[in-house]
Amino acid sequence: MALEPLAGGVSLLPDDPIATFKSEAPRSAASIDIVPVSGQPFAQALHLKIDKKATNPWGIQLNAVTATPIRAGDVIFVRYYLRCLESKDETAMGITQLMIESGPPEFRRLYELLGSAGKDWEAFSGYFIADKKTMGSPEFPAGKLNIHFRLGFAQQTIELGGIQIVDLGDHARTDNLPVHGTGYRGREANAPWRKAAEERIEKIRKADLSVVVTDSSGRPVPGALVTVKMKRHAFGFGTAVPAELLLASGADADRYRETLLQYFNKVVLENDLKWPNWEADRNKAAEGEAWLRSHNIPLRGHNLVWPSLQKHMPADVKGLANNPEALRKRINDHIVEELTAMKGKCLEWDVINELYNNHDAVDLLGRETIVDWFKLAHQTDPAAQLFINDYGTIETGKSDNPHTDAYEDTIRFLLSHGVPLGGIGIQSHFGSHLPSPESVLSGLDRFYKTGLPIEITEYDVDSTDEGLQADFTRDYLTLAFSHPAVMGFMTWGFWEGSHWKPKAAYFRKDWSIKPAGKVWIDLISKKWWTNESGLTDANGAFKTRGFLGDYEITVTSNGKTKIIQTQLEKTSAPRTVTLD
């Protein structure tokens, strides 16, 4: 057998791809040999023995460079085969990740393809279209684009072969190209976790809705047509937005606002309420908040203290490193000033952001200062729900993660000091190395034990694999919606034209929808949405079951119509509608 040719394609690798890839890791960490292979469409493979898990997946990797140029608009097909001989990963699977990117200083990522395989050979394949914006130029000359296989996921012995990276030109069809990637354990349609999640959603997010129709004398009206239309979810399905786009003019700004109002019921200003941005132009944040309020969209505040003097505070704060009391006063004054200005305008606030990796201010002032920040915030705006926010917690999918341990320890430290902590923020920024749904659920359960609400505050999947992106969005959102502690889910932007990770957007620059965007819309406005109608029974009652939220109920009988607005909650009593 041999790998089938790709008509008209030009290989981006030399004639002998296997011999092209080299490891920069010391032999003590990873060994690489070429071995013969039988029964596969390739005759040789790389035998890779990783003796120690790296700090990061890219800590141990194979490296090569392109042998021919890539031009913007070209379709690039990628395929490799993988099998695992031994693995210390918790899944017992061998893992690698193909990365195609430019070199320093930009490290522009064009494509990534994660593979996870057992003892049998498995093919992983996909394609991408070289994008001029991502590339930063119309062409990458030969030798200027790096190809890596990341290996440092686990202590493992794997074999890698059948490596193809082929430029099919700018007129190639993509609908007949084979696409296969693993992505994450539990992605399969019949994964056991799905049934349990659906059962939790039915129990947690829905309630019985009963409408009793009577005439003006209080007698039941049988046969009345009752229409129940959901208007708004009780659960927060939100997004990050820049205030600038809420206030801008032009076709894209109009489309942005229209899409926001149609598919999101909650907003966080992406940067405008952060301390340096606030002091640079607080009017922009205020005007953005006013626009949101005029459209009945609640705002969460992000963030009050991002406790790194060097990176996330105004420039003058760096000079206070040798004057702790002046630093303490500067931070406290900021908390009071911004919360006073925004009092009653933000439903929630991230009081502290990313403490685990941004802690020099806390190191200078002492750990108890975080208690003071929360208490001061509560005194200034008692109505706001106060959060702590961080990344690298449940997103890693690992139970022995020091970042997660430290986050829980900080939360319990705050609670032990009587802090009015109102919720836990789980950021949820992902690449293409994704955790299993079971591990995510376990992570949510861990923080559930604190007794605090949880919010997914900054979700995105920065991947060139749009199918993987869509499937994980479906599954992560489903898990969050199914968990009793989770109160909301904030995606960190939705339009490629205004997104910190453009590949993670739900809508492309031209507003065409990506698969992940379709998943978002289908779940929140179709599958998890209630529109029902029917006739009242002999007792004048119409009964159904709906998702919690705001409703409009219309009753029509004998030429009479009445419309009421109501809310469906877990303990809602029957609604009586009287036709005068």
Side-chain angles (χ1 to χ4, degrees), residues 238 240 242-243 266-286 288-289 292 298-318 320 326-391 407 410-411 413-415 417 419-427 452-453 455 457-458 488 490 492:
K266 190 174 183 179
V267 155
V268 56
L269 293 179
E270 187 173 6
N271 294 308
D272 301 281
L273 289 173
K274 294 173 182 175
W275 188 356
N277 303 69
W278 170 260
E279 292 195 349
D281 187 1
R282 67 196 65 199
N283 289 333
K284 186 184 293 184
E289 184 279 329
L292 292 166
L299 175 65
R300 76 182 313 270
H302 176 80
N303 56 68
L304 286 173
V305 185
W306 201 345
S308 169
L309 277 67
Q310 302 303 315
K311 293 185 290 185
H312 304 303
M313 294 185 179
D316 69 282
V317 180
K318 297 178 184 178
L320 301 178
L327 174 62
R328 189 188 311 277
K329 184 177 187 303
R330 180 77 165 93
I331 295 173
N332 289 350
D333 287 349
H334 162 67
I335 292 172
V336 172
E337 190 273 331
E338 185 166 6
L339 277 181
T340 299
M342 298 297 293
K343 188 173 183 178
K345 297 177 180 179
C346 288
L347 185 71
E348 308 156 11
W349 270 103
D350 290 331
V351 176
I352 303 175
N353 192 52
E354 299 179 0
L355 176 62
Y356 184 77
N357 282 321
N358 298 271
H359 50 75
D360 53 351
V362 177
D363 295 341
L364 290 167
L365 300 177
R367 194 183 190 194
E368 287 71 18
T369 196
I370 65 175
V371 173
D372 298 336
W373 292 341
F374 270 94
K375 290 184 176 180
L376 184 59
H378 181 66
Q379 291 168 8
T380 308
D381 188 355
Q385 189 174 1
L386 304 182
F387 278 72
I388 187 169
N389 191 48
D390 214 332
Y391 67 94
Y407 197 39
T410 299
I411 290 164
F413 172 79
L414 290 169
L415 292 175
H417 284 72
V419 164
L421 182 60
I424 300 169
I426 305 292
Q427 286 194 10
L452 293 170
E455 186 157 17
T457 52
E458 304 183 23
M490 309 293 293
W492 202 253

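Model, not experiment: these values are computed from the prediction. One is the number of the first residue; the rest follow in order along the sequence.
Counting only distance, with no hydrogens or angles, the side chain of Y407 and the backbone of L355 share no donor-acceptor pair below 3.5 Å. Looking at T340, its side chain does come within 3.5 Å of a backbone N or O of V336 through a donor-acceptor pair. In this structure, E455 contributes its side chain and G488 its backbone to no donor-acceptor pair below 3.5 Å.
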Determine whether H334 and V317 satisfy the following criterion, side chain to side chain contact (heavy atoms under 4.5 Å, CB included), listing intermediate values before the conclusion.
CA-CA 11 Å; H334 162 67; V317 180; over 6 Å; no
Exercise. Could you walk me through whether Y391 and N357 pass side chain to side chain contact (heavy atoms under 4.5 Å, CB included), step by step?
Key: CA-CA 10 Å; Y391 67 94; N357 282 321; 2.5 Å; yes
Exercise for review: I would like to know whether Q385 and L347 meet side chain to side chain contact (heavy atoms under 4.5 Å, CB included); could you show each step before the answer?
Suggested key: CA-CA 6 Å; Q385 189 174 1; L347 185 71; 5.6 Å; no
**Request:** Give the intermediate values and the outcome of side chain to side chain contact (heavy atoms under 4.5 Å, CB included) for residues F387 and N303.
**Result:** CA-CA 9 Å; F387 278 72; N303 56 68; over 6 Å; no
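Atom CD1 in I424 sits 4.0 Å away from atom CD1 in I411 (nearest 0.5 Å). The NZ atom of K318 sits 9.0 Å away from the CG atom of L309 when rounded to the nearest 0.5 Å. Summarising the geometry, atom CG belonging to N277 is positioned 10.5 Å from atom CG belonging to L269; distances are rounded to the nearest 0.5 Å. Atom-to-atom distance recorded for L364:CG and D360:CG is 6.5 Å, nearest 0.5 angstrom. Atom CD1 of I352 and atom CH2 of W373 lie 5.5 Å apart (nearest 0.5 Å). For the atom pair CG of L304 and CD of E338, the computed distance is 5.5 Å after rounding to the nearest 0.5 Å.
Two residues are said to be in side-chain contact when any heavy atoms from C-beta on lie closer than 4.5 Å; L386 and E348 fail this criterion. Counting heavy atoms from C-beta outward, L421 and I388 have side chains that approach closer than 4.5 Å. Using a 4.5 Å cut-off on side-chain heavy atoms (C-beta onward), I331 and T369 make no contact. Taking the side chain as every heavy atom from C-beta outward, E270 and W492 approach each other to under 4.5 Å. Between T457 and V268 the shortest side-chain heavy-atom distance does not fall below 4.5 Å. Side-chain contact between P382 and K343: present, with at least one pair of heavy atoms (C-beta onward) separated by less than 4.5 Å. Using a 4.5 Å heavy-atom cutoff, the side chains of N271 and H302 are not in contact. At least one side-chain heavy atom of L273 sits under 4.5 Å from a side-chain heavy atom of C346.
Ring geometry for H312 against W306 counts as parallel: the plane angle stays under 30°, on a 0 to 90° scale with 60° as the upper cut.
The shortest heavy-atom contact between K345 and A341 is NZ-O, 3.8 Å. Shown here for P276 and P314, the closest heavy-atom pair between the two residues is CG-N, 4.0 Å.
We find that E368 and K375 are not joined by a salt bridge, their nearest charged nitrogen and carboxylate oxygen being 4.0 Å or further apart. Salt-bridge annotation for E337 and R282: present, with a side-chain N of the basic residue lying under 4.0 Å from a carboxylate O of the acidic one. Using a cut-off of 4.0 Å between Lys/Arg side-chain N and Asp/Glu carboxylate O, D350 and R300 are scored as salt-bridged.
Side-chain atoms of N332 and K329 form no donor-acceptor pair, as typed in the model, at a separation below 3.5 Å. Side chains of N353 and N389: a donor on one and an acceptor on the other come within 3.5 Å.
F374 and H378 have their aromatic ring centers separated by at least 6.0 angstrom.
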